[in-house]
Amino acid sequence: MNLTSSFATSNATAGTKKGLQSENADMMKGKVLAREKKPIMKGKHNVPKSIIKFSFKFKVVPEFGPPGAFVIENRDKQEFFLKSATLQYTLPAASNNQNFNFYCNSWVYPLEKTGVKRVFFVNELYLPEETPAGLVELRRKELQKLRGGLNDERKPWDRIYQYDKYNDLGDPDNGREYARPVLGGSTEFPYPRRLRTGRPPCRHGT
């Protein structure tokens with residue numbers, strides 16, 4: 001697989017007000033620590049044949065600061081499931097290594113499909129006004145990606161949570177007998193709701 005990754009710091013530089021980023025590391029050139037075989041499950045996504053745990057090194061400048069985001073770029077043709085990432089990091093003023101955990105548990109799709117790198121933030125919650133300065137720009141772009149466009153059709157790699165009415169239960173374009181009422185958002189049928197797909201509506205009303 002063709003995978004590269006980097007880490008972004010929580011601290012912002014005085015000039016750009018953006019966080020520093022480490023050098024890119026080729027994940028597949030890392031040292032394999034463990035390889036666990038798993039059976040394949042049938043479904044929308046196939047569980048990988050094996051779970052691989054490996055390590056690799058990043059180079060950062062001395063003033064890098066504590067990492068706050070893990071950035072991964074999938075230039076392969078297939079998606080893969082990323083379970084977690086742990087960065088063992090030695091701070092300049094610390095004598096021992098510190099671990100920064102990123103609980104990902106998510107599919108990472110190819111860059112040619114998504115158009116953006118995948119970002120995972122450190123396992124720590126912040127209110128908007130308390131977000132570390134180095135992560136503000138990354139979080140803004142991530143939020144923009146999560147919101148998506150109002151008229152975009154949803155793709156399997158989208159992570160947009162936007163609700164809509166059940167207005168696609170019928171197929172009136174193939175005949176009036178296939179028409180179904182719209183569920184949700186009306187006095188008669190206020191519920192249920194579903195995640196919006198962005199698919200174009202039928203030419204004929206339900």
Would you kindly confirm whether [X] and [Y] end up in one hydrophobic cluster when ILVMFWY residues are joined by side chain heavy atoms under 4.5 Å apart?
X      : Y      : value
Phe80  : Phe70  : yes
Trp157 : Trp107 : yes
Leu138 : Val116 : no
Leu87  : Phe56  : yes

- [ ] Examine distances only and state if a side-chain atom of Asn123 and a backbone atom of Asn101 form a donor-acceptor pair shorter than 3.5 Å.
- [x]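 It does not hold such a pair.
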- [ ] Would you check if the side chain of Thr9 reaches a backbone N or O of Pro66 as a donor-acceptor pair within less than 3.5 Å?
- [x] yes
Open item on the list: Does Arg139 qualify as a cation-pi partner of Phe121, given the criterion of NZ or CZ under 6.0 Å from the six-membered ring centre and within 45 degrees of its axis?
Closed with: yes
Determine the minimum heavy-atom distance between [X] and [Y], stating which atoms define it.
X      : Y      : value
Pro181 : Phe189 : CB-CE1, 4.2 Å
Pro190 : Thr187 : CD-O, 3.7 Å
Ser6   : Gln21  : OG-NE2, 2.7 Å
Glu79  : Asn74  : CA-ND2, 4.0 Å
Ser10  : Pro132 : O-CB, 3.4 Å
Val122 : Phe102 : N-CE2, 3.3 Å

Distance, nearest 0.5 Å, that separates [atom1] of [X] from [atom2] of [Y]:
X      : Y      : atom1 : atom2 : result
Glu137 : Glu142 : CD    : CD    : 12.5 Å
Glu73  : Leu111 : CD    : CG    : 5.0 Å
Tyr109 : Gln78  : OH    : CD    : 10.0 Å

TODO: With side chain to side chain contact (heavy atoms under 4.5 Å, CB included) as the test, would you mind laying out the steps for Phe81 and Val108 before giving the verdict?
DONE: CA-CA 6 Å; Phe81 190 82; Val108 179; over 6 Å; no
Task: Arg75 and Glu112 ion-paired at < 4.0 Å - done: no
TODO: Could you walk me through whether Lys83 and Ser106 pass the side chain to side chain contact (heavy atoms under 4.5 Å, CB included) test, one step at a time?
DONE: CA-CA 7 Å; Lys83 187 175 182 180; Ser106 182; over 6 Å; no
TODO: Mind running side chain to side chain contact (heavy atoms under 4.5 Å, CB included) on Phe120 and Ile72 for me, showing each step along the way?
DONE: CA-CA 8 Å; Phe120 296 96; Ile72 186 167; 4.0 Å; yes
